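Order of listing sets the numbers, starting from 1, for every ligand and every atom in it. These numbers were taken from a predicted model, which means no experiment stands behind them.
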Amino acid sequence: MTANRHIVPVAMTGTGMAVPPRVVTNDDLSKIMDTSDEWIRQRTGIEERRHVDEGVTPSDLALEASQKALAAAGLKPTDIDFILVATLSPEQFFPGTCSFLQAKLGLDTTPGLDIRAQCSGFVYGLEVGQALIASGQYKRILLVGVEIQSVALDMTDRGRDTAVLFGDAAGAVILEPAKNPEFGIRRVITRLEGKHTDKLGVVYPSAVGGRWIKEEHLKTAGHNPYMDGRFVFKNAVSRMPEVINEVLKDQNLGVADIDLWLFHQANLRINEYISLGMKIPPEKIYNNIHKYGNTSAATIPTLLDECVRAGRVKPGDKIMMTAFGAGFTWGAALVVWGA
Ligand code: ACO
């Protein structure tokens, strides 16, 4: 296997996650909108999701996940020299969520930035974090994927097509130069197809004349997500295998060489469709969509943290992570577990 054209291999030395305690089941949703447990379960595999209580912010969830990742890596906040926050549900229009998190971590002038690549944000973050460390610019990066999506959902019949899908969560990893050159991020490939911005997104507030939040916009649901579900589904099932195959080819690996598959959790049917087509054994796939729904940029780091804490990964295991989201953005990352 070859590394991402970089000389310095970059490892994940700690993981952490946070989900709000409030569980919202499919039955809970069916009491407030025209949906059913059967419809949601059959179409998506989702059984329940977590929603924050009033007042909890993205940086609160990100802080909890970050503190756990730092503890797992044996580090304190001041050991971090750069922060990346992947999110589609920012704390404010500006400044970025990273600023709020940095302050809550008690840091003084540590730099950082937000990554706006939606559900693929964590994979994009791996690519950016790896490059920043491999270039020698930074040594320890905190990469967080965080979403509070429940507040933007239309919890009425009108919004049922998206309201049932999304949940709130945060996941974090610490990136550092790997001590063992065999371990770490081997290859990340990201892609973007901007012509499909009309298929998935949230319009308001927008820095386009006439599109800033106005009273009449509240009636149009432009501040809630829009999605052409079938179109997104079709693109997800073709783009993710495409980029996975690119990564495998680049690393001279086959499907059978991968020990653990972490797919974005937008819809269990998407992942089943892909894994059947690629002949991936179900026991090598870890899902958590049934518990949390689609947590967008937080999905992959929460999957990873649950696997790490359950002892499901051991040094030398090859982990394939892949995501697809609004933008459209997608990507895949191959990581050899260990530091
Ligand atoms: N409960 C009950 N019925 C519903 C619901 C609901 N929550 N939502 C929609 N329906 C109805 C529709 O109104 C429609 O009714 P009709 O036939 O009378 O018109 C029927 O169910 C079928 O609707 P479809 O949208 O055609 O359902 P589909 O089989 O496509 O499943 C789904 C919808 C689950 C959303 C699917 O299209 C999907 O998962 N798409 C991909 C989502 C995704 O990958 N998102 C990307 C990540 S998100 C991000 O990046 C931010």
Practice task
Fit a plane to each ring of Phe328 and His196, take the angle between them on a 0 to 90° scale, and name the class: parallel (under 30°), tilted (30 to 60°) or perpendicular (over 60°).
Solution key: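 Phe328 and His196: tilted rings.
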Exercise for the section: Anything under 30° is parallel, anything over 60° is perpendicular, the rest tilted; go ahead and classify Phe233 against Tyr273. Expected result: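 If you compare the ring of Phe233 with that of Tyr273, the planes turn out perpendicular.
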Handout entry: Distance from atom 48 (S) of ligand 1 to nearest protein heavy atom, with residue and atom
Key =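 For atom 48 (S) of ligand 1, the nearest protein heavy atom comes out as Asn294 ND2, 3.4 Å.
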Determine whether the side chains of [X] and [Y] contain a donor N or O and an acceptor N or O closer than 3.5 Å.
X	Y	value
Lys104	Thr57	yes
Glu147	Ser89	yes
Gln265	Tyr292	no
Thr329	Gln118	no

Out of all atoms in ligand 1, which are within 4.0 Å of some heavy atom of [X]? Include the element for each.
X	answer
Leu88	51 (C)
Ala266	43 (C), 44 (O), 47 (C)
Gly325	50 (O)

Handout entry: Region of Ile40 engaging ligand 1 - heavy atom pairs below 4.0 Å
Key =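 Looking at Ile40 and ligand 1, no heavy atom falls under 4.0 Å.
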Exercise for the section: Check each heavy atom of Ala236 against ligand 1 and say whether those closer than 4.0 Å belong to the side chain, the backbone, both or neither. Expected result: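 Neither part.
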Do ligand 1 and [X] have nitrogen or oxygen atoms that lie under 3.5 Å from each other?
X	value
Arg43	yes
Arg230	yes
Val232	no

Practice task
Let me know which of Leu334, Val243, Asp257, Ile258 forms a side chain to side chain contact (heavy atoms under 4.5 Å, CB included) with Leu248.
Solution key: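 Only one of Leu334, Val243, Asp257, Ile258 forms a side chain to side chain contact (heavy atoms under 4.5 Å, CB included) with Leu248, namely Ile258.
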Evaluating non-hydrogen atoms only, which member of [options] is closest to [atom]?
atom	options	result
atom 12 (C) of ligand 1	Gln265, Lys199, Gln118, Arg160	Arg160
atom 38 (C) of ligand 1	Thr162, Asn267, Val164	Asn267
atom 40 (N) of ligand 1	Ala117, Gly229, Ser89	Gly229
atom 1 (N) of ligand 1	Asp157, Asn235, Thr329, Thr35	Thr35
atom 42 (C) of ligand 1	Glu38, Lys234, Met227	Met227

Do any non-hydrogen protein atoms sit less than 4.0 Å from [atom]?
atom	result
atom 16 (P) of ligand 1	no
atom 22 (C) of ligand 1	yes
atom 19 (O) of ligand 1	no

Practice task
For Asp305, enumerate each residue passing the salt bridge (Lys or Arg N to Asp or Glu O under 4.0 Å) test, keeping only those at least two apart in sequence or located in another chain.
Solution key: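 Result, salt bridge (Lys or Arg N to Asp or Glu O under 4.0 Å) vs Asp305: Arg309.
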Handout entry: Check against salt bridge (Lys or Arg N to Asp or Glu O under 4.0 Å), Lys139 and Asp79
Key = CA-CA 9 Å; Lys139 279 216 165 58; Asp79 294 324; over 6 Å; no
Practice task
Keeping to residues at least two apart or across chains, list the salt bridge (Lys or Arg N to Asp or Glu O under 4.0 Å) pairs with something in residues 8-23.
Solution key: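 Sorted result for residues 8-23: Arg22-Asp53.
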